[in-house]
Amino acid sequence: MMHNPHRPHRARIVERIQESGTVFTLRLEFIERDIREHYSFAPGQFNMVYLYGVGEVAISIVSDPKRPQQLDHAIRAVGRVTNGISQLQAGDTIGLRGPYGRGWPMEKAKGRDVLVITGGLGCAPVVSVINYITQRRDQFGKLTILQGVKLPKDLIWRDRFEQWINELNTEVFLAADKGDPTWPWHVGLVIELFDQMTLSDDTIVMMCGPEGMMRVCIHELLLRNIKEEAIHLSMERNMQCALGQCGHCQYGADFICRDGPVFSYDRIKPLFAHQGF
Amino acid sequence: MTRPLAAQFLPHNQLQRLLDTLHHSGHKVYGPQLRDDAITYAPLATTDQLPLGIEDHHAPGSYRLQQNGTQHWFDWLSTPQGIKPLLFKPRETLWHATRDATGAIHFTDPASSAEKIAVIGLRACDLAALKLQDQHFLSVEHTPDPFYTERRRHLFIVAINCTRAAATCFCTSTGDGPKCDVNNSAADIAMTELDSGFIIMAGSAQGTHIIEQLALNDADEAQLNEATQREANAIQQQRSVPSQNMRDTLFAALDHPQWDDVASRCLSCGNCTAVCPSCFCYSEQAEPQLDGSSTEQTREWDSCFTQGHSYMHGITVRHDTKLRYRQWLTHKFAGWHDQYGRSGCTGCGRCISWCPAGIDIIDELTLLSTDKGVADDA
Ligand code: SF4
Ligand code: SF4
Ligand code: FES
């Protein structure tokens, strides 16, 4: 039979790290040496992770591309497959195939200020961007991180945010809809933080999170003269094949698994204002 | 290069020889047969199994067969399914996995099951739809699908030129028929049925090779004239798409009130996507053995009319019929242009005949392109 792109390869769980109540990171390594050594990826790309007898899920790779032999996947236990995967331990075997899609425009971002916006329950795709920049600090301008959550407990990687705050040439803005005594940052809507930021005209924006949040943020950005083509979004849809075949992830004419998941806003703008695509 | 064969004449009583020649060259032959009040493709051994003197009549939500008293085998027009189920199987296994006592997992490909298949009876609209499926499943940009590719490689097609049109046919307006373009389609052989036999033409070297084994005579002028006249009947179609490229029209009409209107009639049953020869969506599932020692990953046709199609962790993106109908129509007639350079509709009319609510996409497209949408009023 010719090459079967549907079939996963075996991978070993090297390490499992609990990040919050529902979020955990799996460090994975392909068992077949040949696959392991030929694998490379870019920030924002994803893998299909397979739990034996249950199914596959699309998971963004959050570790650094210069270390492609061990791949970190931040996973939120929300469904049948991810809940099952959360029960696995270091040493267990799972299935893995990838990488898929087009990632963040890191080349285009070189030398420019970068604004990373995320919302909801921790957004793995942008963590790869932040990690990438902090590892190559001199290649980028100012890094601004904006994150909104509903409740303080929804902020995962809190220790990492606290670390990022202290990075060189980096600003972090956090907002929670409702505060509590553990929350030293802004209480209110995430868009209220835009007035506290200074954005250069040359800022490139990378965001992911609930589409409603991204919509209001885009509105604020355009008001502040950020160009449509400088705004990048990581989109999410039902994904099953990751090969541009099964049709589930179609967004208008684009297949998110292949043409995305990262799109510049000007490309998806005509559909983005409409529900149901 | 083989020299192109002139059009030849195959007498009715020699069609069996064509079937035999295909059998002898190693093909399993599929042809139209009457099953449960419909004409469908099934393995074909003899011409006795073909539907003699039967016409199909189509209307929105209706399909019925009628004897017409002729000795023609191909007076019917469209089968409920075209060739799609023979290439893109309604259900198939993508891979197997086993787990041994130590917990180690192994993945393996399914055994190859491709056999040489010859299909007799496909129409111009079916060939055009096959080209669309080829674009989707064979393209390098989308990773080529090994299962489809293998079956496609082993496929031999005997196409039939239509000599009538149903009330639901509109392939003339989509530019896909009614006559098969034998030099520029997937047809290895194309035939037009006459009262006494067939005009037969080769569309590929393999087609030429098969026809040569039949040692036929060239068709004479009277036979060619009869074919032209009969083919002309098929051009008389009552329906047509408003335009071959509705991309901009539909994307500008996303808030059109007609979507609500059609949604009030649509049952969201997915019949249209199931009979459409170009729809390609499928869903995957894991099917483990009870003892856990092995499991397989299978795929099954899916439809954008199902709830699961747009489901992602707790949210159904297309939660109502209106959004699903809009997805179907905007994908088929708009998005497809960006994906594959043309519309995804080849004018076969199946989705009209097999819609239990009698929804006629031509009517919907016409209303969507003529009325002013809400968005335009702004
Ligand atoms: S949309 Fe309808 S008429 Fe067009 S190819 Fe599909 S089933 Fe046939
Ligand atoms: S999205 Fe709908 S219209 Fe498009 S191929 Fe899939 S089932 Fe057919
Ligand atoms: S996940 Fe199947 S087409 Fe994108």
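Within every chain, numbering begins at 1; the chains are lettered A, B, ... in the order of the sequence lines, protein sequences first and strands thereafter.
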Check whether [X] gets within reach of chain B through its side chain, its backbone, both or neither, counting any heavy atom under 4.5 Å.
{"X": "A:Val54", "result": "backbone"}
{"X": "A:Cys241", "result": "both"}
{"X": "A:Arg258", "result": "side chain"}
{"X": "A:Ile31", "result": "neither"}

As an exercise: rank A:Pro8, A:Gly244, A:Gly247 by heavy-atom pairs under 4.5 Å with chain B and give me the winner.
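It is A:Pro8.
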Under 4.5 Å, counting heavy-atom pairs only, tell me which of A:Arg237, A:Glu236, A:Gln250 racks up the most with chain B.
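Max contact count across the listed options: A:Gln250.
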Sequence-distant partners of B:Arg265, side-chain contact (heavy atoms from CB on, under 4.5 Å), two or more places apart
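Here the qualifying residues are B:Gln258, B:Asp261, B:Val262, B:Ile359, B:Glu364.
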Measure distances from [X] to the heavy atoms of chain A and classify the residue's part below 4.5 Å as side chain, backbone, both or neither.
{"X": "B:Ser293", "value": "backbone"}
{"X": "B:Thr102", "value": "neither"}
{"X": "B:Thr330", "value": "side chain"}

If you take all heavy atoms of A:Gly276 and B:Leu323, which pair is closest and at what distance?
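The pair with the smallest heavy-atom distance is CA-CD1, 3.9 Å.
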Within residues 333-342 of chain B, which positions have a heavy-atom distance to chain A below 4.5 Å?
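Hits under 4.5 Å: B:Gly335, B:Asp338, B:Gln339, B:Tyr340.
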